[in-house]
A.B. asks: 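Provided herewith is a single structure, encoded as structure tokens, for subsequent inquiry.
When reading the values below, keep in mind they use all heavy atoms of this one structure, side chains included, and skip hydrogens, waters and symmetry mates.
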There are 2 protein chains.
Amino acid sequence: MRQAEGPTRARNAVATRSAILSAARSRFAEEGYDAASVRGIAGEAGVDPALVLRYFGSKEELLAAVLAESGSVRDLLEGPREDFGARAARMLLLDPVEDHKLAVLQIILRSASSARAGPLVRRNTQERFYEPIEAWLGGPDAQIRARAVGAIIMGAALSRAIDNNGLEDEADRLGLAGRLAETLQLAIE
Amino acid sequence: MRQAEGPTRARNAVATRSAILSAARSRFAEEGYDAASVRGIAGEAGVDPALVLRYFGSKEELLAAVLAESGSVRDLLEGPREDFGARAARMLLLDPVEDHKLAVLQIILRSASSARAGPLVRRNTQERFYEPIEAWLGGPDAQIRARAVGAIIMGAALSRAIDNNGLEDEADRLGLAGRLAETLQLAIE
DNA sequence: TCAGTCAGTCAACGGTCGGTGACTTATGGG
DNA sequence: CCCATAAGTCACCGACCGTTGACTGACTGA
């Protein structure tokens, strides 16, 4: 993630800012807000630690920028309703971990109980995760159904983030994805 | 949680050890391993911080002691198989938060991605959570089914731990418990 | 050419952390 | 009663944290 390009990549503010944001997203996703350090983020971006705070003001504002630039769950909801379970299960268990949607989910579940970042993360989760699902579901019990499907999504992401679901074979992961697809589909109906 | 009893409760090794363990369980559950401090645990137990390490050797050994004294998920599995979903959903969403089983679950999901405590927590989770479920389920796909139901349990516990499922009314919590009971029941079949 | 601006560097700050070891004090058996 | 010992206290260490502000050096427009 150091400068991989030609002779002069330094002194390029937009590229530097983007590199910091990218490093921050991966560090926050892998370690959570508290454990991820400004020094570590700066190291992965190939940048001086003080520059990170010069660009974003504070560690907390950096997290806010990471969450703001990331898309919501909305594109997961696009598509036929009867395929939702399979789409969601594939994204959660089979898609590459570099996926930005997965990174944001990991940030949420690794930072939601942080004393410093928790309120920001929870507010973001409510606005960009639960509320779109609730609106997409519609109906009288939309809030409760959104919470049920959200909990399953969180659990699946957590299980993968912790130890890759404890499964070695690709076939086992496919089997688990199939089972979770059924439960996700049941939860939205 | 200070000494609430008669005139002389100090200089009682077993009571002190128990108070430290109890305070550690609640702190680890509420804040996770990294954010919970030895000083904070000692403060809640009404004890000098150095005494905590004198009794348990290190913060990591203290966590190991907390996990060791807690029962496994086994008592959740006792009972008719066709009632499993309802039993689990009730415990996860309706039972009081002081429940030790709930505390251990919160420790798991708030400490599993810690660099220091992660390996210990994950090993404990495998041995005392997934493997009993797997043995209880039986059958060819037991491992995969155990992972599916485990993920839903984790997600439900996480959703409650973060913001109490975002639900205010008891009726809503009952509704959510009913929905999750269905998905949990589907996951074990 | 040259001064102003802006990207980036550097050392240091106050604070918190887990952990250590020497210290004091209460207790109970001889 | 007396003292060995267990129980509890205290001051301190080195490491790491987020954050700060003064600094350097390179572009760039007048």
Side-chain angles (χ1 to χ4, degrees), chain A residues 1-3 5-21 23-24 27-28 30-66 110-111 114-118 120, chain B residues 1-3 5-21 23-24 27-28 30-66 110-111 114-121:
Chain A
M1 202 53 84
R2 304 282 160 141
Q3 65 258 28
E5 314 244 351
T8 301
R9 194 42 116 192
R11 230 158 170 83
N12 182 338
V14 295
T16 300
R17 184 188 168 92
S18 164
I20 294 173
L21 271 178
R27 287 286 178 175
F28 283 147
E30 287 175 21
E31 311 179 65
Y33 177 82
D34 290 323
S37 70
V38 172
R39 287 168 170 84
I41 292 168
E44 183 169 323
V47 144
D48 190 276
L51 202 59
V52 173
L53 297 167
R54 226 173 153 69
Y55 269 80
F56 294 94
S58 71
K59 189 185 179 185
E60 204 165 334
E61 290 173 284
L62 173 59
L63 173 64
V66 168
R110 286 190 162 128
S111 310
S114 157
R116 311 191 89 88
L120 172 66
Chain B
M1 199 55 85
R2 303 284 161 141
Q3 64 260 27
E5 314 245 350
T8 301
R9 196 40 118 189
R11 276 199 178 261
N12 181 339
V14 297
T16 300
R17 183 186 169 92
S18 163
I20 294 173
L21 271 178
R27 287 287 180 175
F28 284 148
E30 285 175 20
E31 312 180 64
Y33 177 81
D34 289 322
S37 70
V38 172
R39 286 167 171 86
I41 293 168
E44 184 169 324
V47 145
D48 190 277
L51 203 59
V52 174
L53 298 168
R54 235 174 146 65
Y55 269 79
F56 293 94
S58 71
K59 188 185 178 185
E60 205 164 334
E61 290 173 283
L62 173 58
L63 173 63
V66 167
R110 286 192 161 128
S111 310
S114 157
R116 310 191 90 88
L120 172 66
V121 170

A.B. asks: Heavy atoms only, 4.0 Å cut-off, all strands: where does B:A36 land among base, sugar-phosphate and nothing?
C.D. replies: sugar-phosphate
A.B. asks: Taking NZ, NE, NH1 and NH2 as the nitrogens, is one of them in A:R27 or A:E44 under 4.0 Å from a carboxylate oxygen of the other?
C.D. replies: yes
A.B. asks: If you assign B:R39 and B:D48 each to the DNA chain D nucleotide with the nearest heavy atom, which residue ends up on the more 5' nucleotide?
C.D. replies: B:D48
A.B. asks: Please compare B:Y33 and A:P49 by the position of their nearest nucleotide in DNA chain C and report the one closer to 5'.
C.D. replies: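 Closest to the 5' end, via its nearest nucleotide, is A:P49.
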A.B. asks: Between C1' on D:dT19 and CD1 on A:I41, what's the gap in Å once rounded to a whole number?
C.D. replies: 14 Å
A.B. asks: Would you kindly give the CZ-to-C1' distance between B:R27 and C:dG18, to the nearest whole Å?
C.D. replies: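 It works out to 16 Å between those atoms.
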A.B. asks: Mind calculating the distance between CG (B:D34) and P (D:dA15) to the nearest angstrom?
C.D. replies: 20 Å
A.B. asks: May I ask which nucleotide in the shown strands pairs with D:dA26, Watson-Crick or G-U wobble, both distances under 3.5 Å?
C.D. replies: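 For D:dA26, the partner nucleotide comes out as C:dT5, under the 3.5 Å rule.
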A.B. asks: Would you say that A:Y33 contacts A:K59 through its side chain, given a criterion of any heavy-atom pair below 4.5 Å between the two side chains?
C.D. replies: yes
A.B. asks: Quick check on DNA chain D: between B:A50 and B:A13, whose nearest nucleotide comes earlier from the 5' end?
C.D. replies: B:A13
A.B. asks: Taking atom C1' of D:dG18 as reference, at what distance in whole Å does atom CG of A:L51 sit?
C.D. replies: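 These atoms are roughly 15 Å apart.
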A.B. asks: Side-chain N or O of B:S58 versus OP1/OP2 of C:dG18: is the shortest distance under 4.0 Å?
C.D. replies: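 Negative; the distance criterion is not met.
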A.B. asks: How long is the line joining CZ of B:R116 and P of C:dC17, in whole Å?
C.D. replies: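 It works out to 14 Å between those atoms.
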A.B. asks: Consider the side chain of A:K59, meaning its heavy atoms from C-beta on, and name the nucleotide among D:dG8, C:dG8, D:dT19 that approaches it most closely.
C.D. replies: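 Nearest listed nucleotide: D:dT19.
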A.B. asks: Can you check whether A:Y55 has a side-chain N or O nearer than 4.0 Å to OP1 or OP2 of C:dG8?
C.D. replies: yes
A.B. asks: Can you check the A:L53 CG to C:dC10 P distance for me, whole Å?
C.D. replies: 16 Å
A.B. asks: Do the side chains of A:L51 and A:R54 get nearer than 4.5 Å, heavy atoms only?
C.D. replies: yes
A.B. asks: Write down the distance between CZ (A:F56) and C1' (C:dA7), rounded to a whole number of angstrom.
C.D. replies: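 Rounding to the nearest Å, CZ of A:F56 and C1' of C:dA7 are 14 Å apart.
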A.B. asks: Looking at side-chain heavy atoms only, is the closest gap between A:L62 and A:V38 below 4.5 Å?
C.D. replies: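 No - every pair of side-chain heavy atoms lies 4.5 Å or more apart.
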A.B. asks: Is the distance from OP1 or OP2 of D:dG8 to the nearest side-chain N or O of B:T16 less than 4.0 Å?
C.D. replies: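 It does, given that an N or O in the side chain of B:T16 lies less than 4.0 Å from OP1 or OP2 of D:dG8.
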A.B. asks: In whole angstroms, how far is the P atom of D:dG18 from the CZ atom of A:R54?
C.D. replies: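 Distance, rounded to whole Å: 18 Å.
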A.B. asks: What verdict does the side-chain contact (heavy atoms from CB on, under 4.5 Å) test give for A:L21 and A:F56, after you've listed the backbone C-alpha separation in whole Å, the side-chain angles of each residue and the deciding distance to 0.1 Å?
C.D. replies: CA-CA 10 Å; A:L21 271 178; A:F56 294 94; 3.7 Å; yes
